[in-house]
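Some notes on the structure that comes next.
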Amino acid sequence: MLKTTLLKATEAGGKILQQYFNGTFEVSSKSTLNDLVTEADKKSESAIINVIHETYPDHFILSEEVGEIRTASNIKWIIDPIDGTVNFANGIPICCVSIGVEKDGEVVLGAVYNPFMNELFVAEKGKGATLNDKPIHVSSKHNVEQSCLVTGFPYKWEDGLNDPLQVLQYVIREGIPVRRLGSAAIDLCWVACGRFDGFWEHHLQPWDAAAGYLMVEEAGGKITDFSGNKYSLYQKQILATNGHIHSGLQHLINGK
Ligand code: IPD
């Protein structure tokens with residue numbers, strides 16, 4: 001039942017993305033000039049929340065644009081109505097709807113849908129992860145020096161030890177290829193299906209990572225913070241890999 005609603009909500013959001021993509025829509029700034037929200041983010045968010053509320057009016061919602069709709073429910077829907085908003089606003093088709101479902105504080109279901117590539121990733125706790133209904137697995141590469149990595153950058157940060165620029169330097173000075181797609185949810189899904197061997201980012205929000213986090217775990221990967229501690233959606237650092245290169249990449253991003 002939860003999964004049916006999740007898929008319905010993801011599809012409803014995806015339809016809005018398709019409807020607005022490359023069209024004319026309102027765009028405004030949030031925390032910084034380039035931290036954008038578009039009319040399509042808001043429309044997608046309403047469509048998703050409406051679908052959830054039709055079946056589960058009392059569930060807790062945490063969504064990028066509206067924030068928290070608090071209830072006493074032990075089920076929390078964590079929604080990014082468009083992950084990759086800057087891409088979306090520029091007509092770059094690397095963006096998606098991302099929804100994770102947390103039960104008693106643990107993510108148990110997740111879906112990430114990029115309608116422009118017709119790719120739907122779904123993960124279910126203990127039951128694996130799929131791309132368009134086919135099981136997916138992380139890559140088997142063991143050597144971090146030969147890996148293909150992806151990262152993302154925050155819109156602002158304090159300069160300091162192992163800040164985003166320093167970490168990027170540590171990695172690219174080794175000559176390791178690093179991509180920046182502009183959607184953390186897609187980055188995580190692409191680790192889950194083996195296109196990338198690892199991903200890190202400094203200042204993610206729970207809605208950027210909720211679904212992708214489960215995707216990586218269920219596809220056999222590993223996720224921690226930069227120190228190797230258990231990952232939580234509610235802290236800022238994420239390091240997600242195929243597992244084999246985890247300690248190698250962890251050392252690298254810590255400048256060791
Ligand atoms: C952004 C994307 C991007 C990441 C940013 C996020 P949004 O989410 O996931 O890849 O680098 O940190 O804010 O704003 O497009 O939903």
Side-chain angles (χ1 to χ4, degrees), residues 2-27 35-55 61-66 77-101 107 109-124 128-136 150 152 179-196 199 204-216 218-219:
L2 268 178
K3 190 174 171 188
T4 310
T5 303
L6 171 69
L7 297 179
K8 226 171 129 186
T10 308
E11 193 189 334
K15 276 200 181 126
I16 305 282
L17 269 63
Q18 285 173 305
Q19 192 182 319
Y20 278 82
F21 192 68
N22 270 334
T24 313
F25 45 79
E26 276 170 32
V27 184
D35 179 11
L36 304 180
V37 57
T38 72
E39 205 181 328
D41 290 76
K42 293 178 187 165
K43 287 272 167 40
S44 168
E45 183 171 70
S46 316
I48 291 166
I49 295 176
N50 284 343
V51 170
I52 297 166
H53 275 163
E54 271 167 27
T55 318
I61 304 272
L62 169 62
S63 187
E64 179 166 15
E65 312 309 337
V66 294
W77 294 76
I78 306 175
I79 303 163
D80 195 336
I82 303 183
D83 188 56
T85 299
V86 172
N87 285 349
F88 183 86
N90 286 283
I92 299 167
I94 302 179
C95 41
C96 62
V97 174
S98 172
I99 308 176
V101 184
V107 185
L109 272 174
V112 172
Y113 177 42
N114 176 354
F116 310 108
M117 293 183 75
N118 191 26
E119 291 197 332
L120 172 65
F121 293 85
V122 179
E124 211 172 337
T130 56
L131 164 55
N132 294 345
D133 290 325
K134 295 200 179 85
I136 51 171
V150 64
R179 303 290 179 260
R180 199 294 192 236
L181 296 186
S183 161
I186 292 179
D187 296 335
L188 286 162
C189 287
W190 287 23
V191 171
C193 71
R195 292 176 186 158
F196 293 123
F199 163 69
L204 281 190
Q205 300 292 340
W207 44 80
D208 298 316
Y213 155 67
L214 187 62
M215 218 68 67
V216 172
E218 287 299 318

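This one's a predicted model, so the numbers in the text were calculated from it and none came from an experiment.
Rounded to the nearest 0.5 angstrom, Trp190 CH2 and Leu181 CG are separated by 5.5 Å. Between atom CD1 of residue Ile48 and atom CD1 of residue Ile16 there is a gap of 8.5 Å, rounded to the nearest 0.5 Å. To the nearest 0.5 angstrom, Asp83 atom CG is 12.0 Å from Ile94 atom CD1. Thr55 OG1 to Asn50 CG: the interatomic distance, rounded to the nearest 0.5 Å, is 11.0 Å. Tyr20 OH to Ile82 CD1: the interatomic distance, rounded to the nearest 0.5 Å, is 10.0 Å. Distance check: Glu65 CD to Lys43 NZ gives 13.5 Å after rounding to the nearest 0.5 Å.
Salt bridge Glu54/Lys8: present, at least one basic N to carboxylate O contact under 4.0 Å.
Tyr113 places none of its side-chain heavy atoms less than 4.5 Å from the side chain of Leu7. Under the 4.5 Å side-chain criterion, counting only non-hydrogen atoms from C-beta, Pro93 is not in contact with Met117. Counting heavy atoms from C-beta on, the side chains of His53 and Ile61 come closer than 4.5 Å.
Across every non-hydrogen atom of Leu214 and Ala123, the tightest pair is CD2-O, 3.6 Å. Across Ile99 and Ala9, no two heavy atoms sit closer than the pair CD1-CB, 3.9 Å. The heavy-atom pair separating Cys193 from Ile136 by the smallest distance is CB-CG2, 3.8 Å. Contact between Val97 and Gly13 at its shortest, heavy atoms only, is CG2-C, 3.6 Å. For Phe88 against Phe116, the heavy-atom pair with the smallest separation is CE1-CZ, 4.3 Å. In terms of heavy-atom proximity, Cys95 sits nearest to Ile186 at N-CD1, 3.6 Å.
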*Yes or no on side-chain contact (heavy atoms from CB on, under 4.5 Å) for Thr5 and Trp77, after CA distance, side-chain angles and deciding distance?*
CA-CA 11 Å; Thr5 303; Trp77 294 76; 3.9 Å; yes
*Could you go through the side-chain contact (heavy atoms from CB on, under 4.5 Å) check for Leu188 and Met215 one step at a time?*
CA-CA 7 Å; Leu188 286 162; Met215 218 68 67; 5.8 Å; no
*With side-chain contact (heavy atoms from CB on, under 4.5 Å) as the test, would you mind laying out the steps for Ile79 and Trp207 before giving the verdict?*
CA-CA 5 Å; Ile79 303 163; Trp207 44 80; 5.9 Å; no
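Between Thr85 and Asp41, the side chains place a donor N or O and an acceptor N or O closer than 3.5 Å (distance only, hydrogens not considered). A donor atom on one side chain and an acceptor atom on the other are not found under 3.5 Å apart for Asp133 and Thr130.
Partners of Glu218 under the salt bridge (Lys or Arg N to Asp or Glu O under 4.0 Å) rule, at least two apart in sequence or in another chain, do not exist in this structure.
Side-chain N or O atoms of Glu26 include none that pairs as donor or acceptor with a backbone N or O of Glu39 at under 3.5 Å.
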